[in-house]
Amino acid sequence: MLFDSLPLLLEGFLSTLKLTGISAVAALVIGSLLATLRVSPLPSLRFAGAAYVNTIRNTPLLLVLAFTIFALPNIVQIRYDNFWLAVIALSVYTAAFVCEALRSGINAVPTGQAEAARSVGMTFGQTLVRVVLPQAFRTVVPPLGNILIALTKNTSIVAAFGVVEATALFDDLARDNPDVIWALFVGIALGYIVIVLAIAGVFRMVERRVVVLR
Amino acid sequence: MSAVLYDVPGPRGRRRGIVGTVLGTVLVLAVLGLVLRQFERSGQFVAEYWTPFLDPGIQRLLLRGAGATLTAAATSILLAVPLGVLLAAGRLSDHAALRVPVTLFVEFFRAIPLLLLILFIFLGFGADVGRFGSLVLALALYNGSVLSEIFRAGIAAVPRGQSEAGYAVGMRKTQVMRAILVPQARRIMLPAIVSQCVVTLKDTSLGYVISYTIGGHEELLRAGQLIYNNHGNIVPTIIVIAAIYIAMNSALSAFASYLQRRSSRTGKATPADLTTALVAANRDLV
């Protein structure tokens, strides 16, 4: 039975990886923008960034997914299928954590760096883009890896909304074949563990490559 | 830090700053306005969508839903803390025969999605432990593993001289642990533990998938489903439920940062140690 469903499982994990990959890129972009808001000189932008982060951080992902999948089509006249609505929710949710990781990275760059950049006449934008952010990205490599791992695990929640991926397949297959539930669970769990270990490995490599000793 | 990114503005800079603040505020308000207008245009602000929430019956339904959610979270945490202590003790053991299996156990439960675990326990053992039991068991196993990592990081964050001093005066490992490391680590990791409680409270929402009830009361999201099935007001319902979750979690988050402020004021733990402990747990805070 397990071997028969192997192609199906592979497809499920492919969907998991697709959800993770697309959402990760989008979350990185949105998160960087939010982090810029949070360190900006304009109080209203700082406030908007903080409000976004605090709202998202205190809302369960399931509820964010319910909002984009059930409620969003009622508000704006767009017709995406559940996969893309789930991607929106995952990106919007993960972006808040990316923003916080980047912000703590920015705060970890020694103030002398920003002061030096300011004293040679760089503007706020130049200081941020040329001096502070490149260094901040280095210190946030480990937390970003953690967020990516969490995102991989979080994609499982879309199973509650009929998007087919690895956890949804477990639900289907285990209901139909209760006698092999252990094998299914261990098999799918191992699939996730492989992905998590791969991400952790890649990020450890990147971390060694870019680490700055202070 | 962010204040170093720009100069303290002079007179012209201040004028520019005022203009910028006004522009920024206008921008934020404009985005907010666009969102609200879209809500209005799609008819989400119609009175009959919102009046159901004034009904005492529906308020009671939501309140009991919040109660069920809180009960599930509290039960899981109460089970997870002793499990976490045991697992942390196992991982800190000098005997590989104990340390290796415990490490595998912890890493396994931290690496798999919580929903997969909930579904497995529900589909495999749901007949014995029930829906609520399945959710609580899964949450306890997962959070026990996460908490054990927090405990371990907290112990590791205590400066090494502390345990060395203990050994130097002839204490055994258990004595060093109980008399020196744990009391200091407790203060360091308290904020991380409370933050994990926020995560647990959020994670109980996954119980929606197996629709558990407590004393016949639906949890918060199922309660919401009952409401919008009756009134067709899905958008307002999601907003109200999100508001309830945000209120509960903000209270807990505020408590966590209060603890953090207090411990960094009176405690001897350095901020760097605190962050080490918190960053170690970071992956599970998302």
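Because the structure is a prediction, the values reported are computed rather than measured. Lettering of chains follows the sequences in order, A, B, ..., and the numbering in each one begins at 1.
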>> Please classify the contact of A/Arg103 with chain B as side chain, backbone, both or neither, using a heavy-atom distance under 4.5 Å.
In response: neither
>> For the interface with chain B, which of A/Leu62, A/Thr167, A/Ile181, A/Ile75 has the highest count of heavy-atom pairs at distances below 4.5 Å?
In response: A/Ile75
>> Taking every non-hydrogen pair under 4.5 Å, which of A/Ala166, A/Gly145, A/Pro60 racks up the most with chain B?
In response: A/Pro60
> A/Thr55 versus chain B, heavy atoms under 4.5 Å apart: side chain, backbone, both or neither?
Replying inline: both
> chain B: which of A/Ile195, A/Leu37, A/Ile193 shares the most heavy-atom pairs with it under 4.5 Å?
Replying inline: A/Ile193
>> If we check side-chain contact (heavy atoms from CB on, under 4.5 Å) with A/Tyr93, which of these qualifies: A/Thr68, A/Thr59, A/Leu61?
In response: A/Leu61
> Mind checking whether B/Phe125 and B/Phe120 have parallel, tilted or perpendicular rings, split at 30° and 60°?
Replying inline: perpendicular
> Where on A/Pro178 is there a heavy atom nearer than 4.5 Å to chain B: the side chain, the backbone, both, or neither?
Replying inline: neither
>> What part of B/Ser253 gets within 4.5 angstrom of chain A, counting heavy atoms only: side chain, backbone, both, or neither?
In response: side chain
> So, is the end of the B/Arg222 side chain (NZ or CZ) under 6.0 Å from the ring centre of B/Tyr208 and within 45° of the ring's axis?
Replying inline: yes
> Below 4.0 angstrom, N of the basic side chain to O of the carboxylate: do B/Arg152 and B/Glu149 qualify?
Replying inline: yes
> CD1 of A/Ile199 to CD1 of A/Ile147: how many Å apart, nearest 0.5 Å?
Replying inline: 12.0 Å
>> With a 4.0 Å cut-off on N to O distance, would you call B/Glu107 and B/Arg110 a salt bridge?
In response: yes
> Between A/Phe185, A/Phe47, A/Phe67, A/Phe170, which shows the greatest number of heavy-atom pairs under 4.5 Å with chain B?
Replying inline: A/Phe185
>> Quick check on B/Gln44 against chain A: is it the side chain, the backbone, both or neither that has a heavy atom closer than 4.5 Å?
In response: side chain
>> With a 4.5 angstrom heavy-atom cut-off, is it the side chain or the backbone of B/Leu123 that approaches chain A, or both, or neither?
In response: both
> Any ion pair linking A/Glu100 and A/Arg38 (charged N to carboxylate O, less than 4.0 Å)?
Replying inline: yes
> Does any heavy atom of chain A fall under 4.5 Å from the side chain of B/Leu221, the backbone, both, or neither of them?
Replying inline: side chain
>> Does any backbone or side-chain atom of B/Leu23 lie under 4.5 Å from a heavy atom of chain A? Answer side chain, backbone, both or neither.
In response: neither
> Is A/Glu207 salt-bridged to A/Arg204, going by a charged N under 4.0 Å from an acidic O?
Replying inline: no
